[in-house]
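Input: a single structure, listed below in structure tokens.
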Amino acid sequence: MGFDDQRFNVNLSILFTELPLLERPAAAAAAGFTAVELWWPWVDSPTPEQSELDALKKAIEDAGVQLTGLNFYAGQLPGPDRGALSIPGEESEKFRANIGVAADFAQSLGCKALNALYGNRVEGVDPAEQDALALENLVLAARAADRIGAILLIETLNKPESPLYPLVSAPAGVGIVDKVNAATGLGNAKFLMDLYHLSMNGEDLPSVIEQYAAKTGHVQIADNPGRGAPGTGALPLGELLEQLTKAGYEGWVGLEYKPGDRPSAESFDWLPVEQRAAR
């Protein structure tokens, strides 16, 4: 229920990580998927060498998959960081340096969604200062996304796993979306509704969907507890996706879960092969 009519993509920064980055697009294709998404792959560099960008572009094209989502530079992710754009100093500068690079790379592959992680609170820095900086940087990111005909995504995380991240509820994430749209007048900032993170926060997921489906630009799923594949936890993901569809959501559903102690290719047994290719 609910899985039949979805357009799924595979997040290659959490699945197929047992393989080198350049081999993951082909592995996703071999598993039957036709669309993928990525966190910013170069955690130490917001501006990698063109040869590295070209190699990843070629790997995606050669695999015959579509890149449908890309994160801007977000610091050490996976790791201690949760974004860079609200952190004064070097990290904010790295984010700004990355904006054009990420947008151009996305454009080169026809990717229409760019995700900007907000960043952790910094001890000794006024939260209001961080929020003002965040809005400045998100406005720049929204304009870059608009330049390539893409949307800008704002993501809510969960407080147990990201205690220093300020956006740990759906209303908080949507509030930033509204601020960015008001500042730019572009209307291309959208909410990234991650059902795993929202469930970890104890939110009423049917209510969140009812309230915010219209402002949602992307959905990501993992089961809870455990952040595993659908069916490994207790979340009624099929029912929630069906509710999203009925609420008018027609976007992608990103598979952003941990495969567990098995190869990633074996973690898709919940989804028949004929339903993995985007329709």
Side-chain angles (χ1 to χ4, degrees), residues 9 11-14 16-17 19-25 36-63 65-120 122 125 129-130 132-155 157 165 176 180 183-184 186 188-189 192 217-218 254 256:
N9 63 30
N11 189 302
L12 297 182
S13 298
I14 194 169
F16 295 109
T17 58
L19 299 172
L21 174 64
L22 298 184
E23 295 179 19
R24 296 176 203 170
V36 298
E37 63 183 32
L38 280 164
W39 303 342
W40 185 249
W42 299 278
V43 296
D44 294 318
S45 177
T47 55
E49 295 292 330
Q50 188 62 44
S51 59
E52 294 185 75
L53 294 161
D54 290 344
L56 180 55
K57 179 176 184 286
K58 184 176 187 301
I60 291 170
E61 290 176 334
D62 287 351
V65 294
Q66 174 65 46
L67 182 68
T68 59
L70 177 68
N71 282 19
F72 288 108
Y73 170 80
Q76 296 293 319
L77 183 74
D81 299 332
R82 297 292 186 273
L85 62 90
S86 68
I87 299 175
E90 184 180 2
E91 284 302 285
S92 171
E93 292 305 314
K94 285 183 178 180
F95 178 83
R96 291 192 183 195
N98 173 249
I99 291 173
V101 176
D104 288 346
F105 183 73
Q107 183 180 37
S108 75
L109 286 162
C111 173
K112 298 297 186 182
L114 291 160
N115 183 27
L117 284 169
Y118 202 80
N120 289 328
V122 178
V125 178
E129 178 187 342
Q130 284 197 257
L133 176 62
L135 185 58
E136 287 180 22
N137 283 335
L138 286 168
V139 164
L140 295 174
R143 288 175 178 154
D146 181 69
R147 171 174 64 81
I148 67 165
I151 59 173
L152 173 70
L153 296 168
I154 309 294
E155 183 173 8
L157 301 183
Y165 192 82
I176 299 299
V180 174
T184 65
L186 296 172
N188 69 330
L192 196 167
H218 186 46
E256 197 186 47

Euclidean distance, [Y] [atom2] relative to [X] [atom1], rounded to 0.5 Å:
X: Leu138; Y: Phe72; atom1: CG; atom2: CZ; result: 9.0 Å
X: Leu12; Y: Glu23; atom1: CG; atom2: CD; result: 12.0 Å
X: Ile99; Y: Tyr73; atom1: CD1; atom2: OH; result: 13.0 Å
X: Phe95; Y: Leu133; atom1: CZ; atom2: CG; result: 9.5 Å
X: Leu56; Y: Arg24; atom1: CG; atom2: CZ; result: 9.5 Å

Distance-only criterion, 3.5 Å: show the donor-acceptor pairs between side-chain atoms of residues 78-88 and protein atoms not counting sequence neighbours.
residue, atom, partner, partner atom, Å
Asp81, OD2, Gln76, N, 2.7
Arg82, NE, Ser162, OG, 2.7
Arg82, NH1, Gly79, O, 2.8
Arg82, NH2, Glu161, O, 3.1
Ser86, OG, Tyr118, O, 2.8
Ser86, OG, Gln130, NE2, 3.4

If you compare all heavy atoms of [X] against all heavy atoms of [Y], which two are closest, and at what distance to 0.1 Å?
X: Leu152; Y: Ala116; value: CD1-CB, 3.9 Å
X: Ala59; Y: Pro25; value: O-CB, 3.7 Å
X: Ala113; Y: Ala150; value: N-CB, 4.0 Å
X: Ala145; Y: Asn188; value: CB-ND2, 3.8 Å
X: Leu186; Y: Ala142; value: CD1-O, 3.9 Å

For the residue pair Glu155 and His218, confirm or rule out a side-chain donor-acceptor distance under 3.5 Å.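 Side chains of Glu155 and His218: no pair found under 3.5 Å.
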
Assess, by modelled atom type and distance only, whether the side chains of Glu256 and Trp39 contain a donor and an acceptor separated by less than 3.5 Å.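 Glu256 vs Trp39: donor-acceptor pair found between side chains.
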
Would a distance-only check, ignoring hydrogens and angles, find a side-chain to backbone donor-acceptor pair under 3.5 Å from [X] to [Y]?
X: Thr17; Y: Ser13; value: no
X: Trp40; Y: Gly75; value: no
X: Asn9; Y: Leu67; value: no
X: Thr184; Y: Val139; value: no

Note: Lys94-Asp44 ion pair, threshold 4.0 Å (strictly below):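 Salt bridge between Lys94 and Asp44, a charged N being under 4.0 Å from a carboxylate O: no.
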
Under a 4.0 Å threshold between the charged nitrogen and the carboxylate oxygen, would Glu91 count as salt-bridged to Arg96?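 Glu91 and Arg96: not salt-bridged.
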
Would you list the atom pairs, donor with acceptor, under 3.5 Å between side chains in residues 105-112 and any protein atom, with sequence neighbours excluded?
residue, atom, partner, partner atom, Å
Ser108, OG, Phe105, O, 2.6
Lys112, NZ, Ile148, O, 3.2

Test item: Ile151 and Leu153 side chains (from C-beta on) under 4.5 Å apart, heavy atoms: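 Of all side-chain heavy-atom pairs linking Leu153 with Ile151, at least one is under 4.5 Å.
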
Any Asn98 side-chain heavy atom under 4.5 Å of Thr47 side chain: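 Not touching, per the 4.5 Å side-chain cut-off.
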
Residues two or more places apart in sequence or in another chain: which of them pass side chain to side chain donor-acceptor pair (under 3.5 Å) with [X]?
X: Glu61; result: Lys57
X: Asn71; result: Asn115
X: Glu93; result: none
X: Gln50; result: Asp54

Evaluate the criterion side-chain contact (heavy atoms from CB on, under 4.5 Å) for residue pair Val36 and Thr68; output intermediate values, then yes/no. CA-CA 6 Å; Val36 298; Thr68 59; over 6 Å; no

Where do Leu38 and Asn11 land on the side-chain contact (heavy atoms from CB on, under 4.5 Å) test, with the steps shown first? CA-CA 6 Å; Leu38 280 164; Asn11 189 302; 5.8 Å; no

With side-chain hydrogen bond (donor to acceptor under 3.5 Å, both in side chains) as the criterion, how do Asn137 and Ser92 come out once you've worked through the C-alpha distance, each side chain's angles and the decisive distance to 0.1 Å? CA-CA 8 Å; Asn137 283 335; Ser92 171; 3.0 Å; yes

Just do the side-chain contact (heavy atoms from CB on, under 4.5 Å) check on Leu117 and Ile154 with the steps written out, would you? CA-CA 7 Å; Leu117 284 169; Ile154 309 294; over 6 Å; no

